[in-house]
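Notes for the one structure printed next.
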Number of protein chains: 2
Amino acid sequence: MVKTPYIGKWISCLYRTGQSFFDYHLGSYGLGSGNGYYACFTYLFRHEGITQDTISKHVAIDKTTIARSIMKLETLGYVVRHIDPIDRRAYKVYLTEKGRALQPIIEATLTQWTTSLTHGLTPEETQMAYILLERMTQNAIITKEKLSSQELSRSEPNETTFINN
Amino acid sequence: MVKTPYIGKWISCLYRTGQSFFDYHLGSYGLGSGNGYYACFTYLFRHEGITQDTISKHVAIDKTTIARSIMKLETLGYVVRHIDPIDRRAYKVYLTEKGRALQPIIEATLTQWTTSLTHGLTPEETQMAYILLERMTQNAIITKEKLSSQELSRSEPNETTFINN
DNA sequence: AAAAAAAGGTTGCTATAGCAACTATTTTTT
DNA sequence: AAAAAATAGTTGCTATAGCAACCTTTTTTT
């Protein structure tokens, strides 16, 4: 890898090799390299009966991507969706037995990837990596929100622009 | 973002928001969200006349992706390719004037993204983030290489498997 | 020197994921 | 209560990027 002072390059490489890793280890379950699947799964492992939109917002992935991920997971028999009788626009998403059976496998793979990445780091460095990545992610989300609000800001001039400072 | 002990989630978010960022800032130059473009550019800014394969290996991006990136950059008039007279399989890639004119713009955008991500971090933390990301990326590449060599290891039993330890 | 293997690139195919625009409900305005 | 706006989800489209297979040229074996 070339040395440049740009973080994006490392991120990009980590993302892409991660995709290969997940595809390699979980491809046989019908899941491929899609981060969307694992985002949905890890969220569903903790919060069943939530809507796609809730997942989308909590994992910071576009609702279209979540919709298609859930669609695939439903086809594969890992989740079921029931229309929310109170809000008939929304689906509540539940894991099936088959889906829940995947929990240890998915968690093991995610852990394994994390472990691979932090190989050779001290526990303190690993901890630090977590914290820094989390903070950078927060910054990334804020930056993106600023861009979106700037796009709208012709009609409703700068008001939302500084919300996330 | 949901709190889980998996690094992949932060990486994924950073990667995707980064794509949006580049698309937003550089889309008007015909470059979109493709990390491949910026990898090619930043490498070409320092090393002109190299082959696609060299780029591919140095930036750890599949040669197919590099090929298509370069193809697009050629169409857009940012690079030219000349067959290497010594090795007629290979193309040597050069920036055009138009391509070189993009250097400050691309570098500014890459820097801006890095700056956005590290907002609120101390210089030491930023430095730490760099180092840790770099080390994790090295681990990622090694892990991936291990997987590839395992796939081959039926024909030529484990020999290459431990090379990268 | 011929055959085999490796290397540089390309093509075909696939999965992923975002954006814009849309439908259908629900909520808020007025 | 009607109109407007917001929300949940889907469809269409696009760009990105990897893998497998392939072609061509070069290098290595034998």
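Order of the sequence lines fixes the chain letters, A, B, ..., with proteins taken first and strands second; residue numbering starts at 1 for each chain.
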ask   = Quick one: is D:dT16 close enough that its OP1 or OP2 comes under 4.0 Å of any side-chain N or O from A:Gln19?
value = no
note = Between B:Pro85 and A:Ala67, the residue closer to the 5' end of DNA chain D by nearest nucleotide is A:Ala67
request  = With heavy atoms under 4.0 Å as the rule, sort B:Ser69 into base, sugar-phosphate or nothing.
outcome  = nothing
query = Looking at B:Tyr91 versus B:His82, is the centre-to-centre ring distance below 6.0 Å?
reply = no
task = Strictly below 4.0 Å, heavy-atom distances to any atom of DNA chain C: list the hits from residues 86-95 of chain B, or just say none.
result = B:Arg89, B:Ala90, B:Tyr91
message = On the nucleotide C:dA7, are OP1 or OP2 found under 4.0 Å from the side-chain N or O atoms that B:Gln52 carries?
response = no
inquiry  = If you compare every side-chain N and O of B:Thr65 against the phosphate oxygens of D:dG18 (OP1, OP2), does one of them come in below 4.0 Å?
reply    = yes
Below 4.0 Å: OP1/OP2 of D:dA8 and any side-chain N or O of A:Arg81 = no
inquiry  = Any base atoms under 4.0 Å from A:Thr51, or only sugar-phosphate, or nothing? Heavy atoms, all strands.
reply    = sugar-phosphate
key: Qualifying salt bridge (charged side-chain N to carboxylate O under 4.0 Å, His left out) pairs, either residue in residues 19-33 of chain B, two or more places apart   = none
query = Do you know which of A:Tyr38, A:Tyr37, A:Tyr15, A:Tyr29 makes ring pair (Phe, Tyr, Trp, His ring centres under 6.0 Å) with A:Phe22?
reply = A:Tyr38
query = So, is A:Lys144 near the phosphate of C:dC19, with a side-chain N or O under 4.0 Å from OP1 or OP2?
reply = yes
ask   = Excluding sequence neighbours, so at least two apart, what forms ring pair (Phe, Tyr, Trp, His ring centres under 6.0 Å) with A:Phe21?
value = A:His25, A:Trp113
key: Sequence neighbours excluded, every pair satisfying salt bridge (charged side-chain N to carboxylate O under 4.0 Å, His left out) that has a member inside residues 110-126 of chain B   = A:Arg135-B:Glu125
query = Using a heavy-atom distance cut-off of less than 4.0 Å, which residues of residues 28-38 of chain B contact DNA chain D?
reply = B:Gly32, B:Ser33, B:Gly34, B:Asn35, B:Gly36, B:Tyr37
inquiry  = On the side chain of A:Arg68, is there an atom forming a donor-acceptor pair with the base of D:dG12 - under 3.5 Å, no angle test?
reply    = yes
ask   = For B:Ser56, which contact category applies under a 4.0 Å heavy-atom criterion: base, sugar-phosphate, or nothing?
value = nothing
message = From the set C:dG9, D:dC19, D:dT11, return the single nucleotide nearest to any side-chain atom of A:Met71.
response = D:dT11
task = Could you state the atom-to-atom distance from OH of A:Tyr15 to C1' of D:dT16 in whole Å?
result = 10 Å
request  = Tell me what A:Phe22 touches on the nucleic acid: a base, only sugar-phosphate, or nothing, going by heavy atoms under 4.0 Å.
outcome  = nothing
note = Rounded to the nearest 0.5 angstrom, the CD1-CE distance for A:Ile141 and A:Met136 is 13.0 Å
query = Do B:Ser12 and B:Arg16 meet the criterion of a side-chain donor-acceptor pair at a distance under 3.5 Å?
reply = yes
ask   = Which is true for B:Ile66 with a 4.0 Å heavy-atom rule: it touches a base, it touches only sugar-phosphate, or it touches nothing?
value = nothing
note = Here the gap from A:Lys63 atom NZ to A:Ile70 atom CD1, rounded to the nearest 0.5 Å, amounts to 14.5 Å
ask   = Any Lys/Arg nitrogen of A:Lys57 or A:Asp53 sitting under 4.0 Å from an Asp/Glu carboxylate oxygen of the other?
value = yes
request  = Any pair with a residue in residues 100-119 of chain A that passes salt bridge (charged side-chain N to carboxylate O under 4.0 Å, His left out), sequence neighbours left out, goes on the list, sorted by first then second residue, please.
outcome  = A:Glu48-A:Arg100
request  = Would you please confirm or rule out a distance under 4.0 Å between OP1 or OP2 of C:dG9 and any side-chain N or O of B:Thr64?
outcome  = no
ask   = Would you say A:Lys57 reaches D:dA8's phosphate, i.e. side-chain N/O to OP1/OP2 under 4.0 Å?
value = yes
message = Assuming nearest nucleotide by heavy-atom distance, tell me which of B:Lys72 and A:Asp53 is located more 5' along DNA chain D.
response = A:Asp53
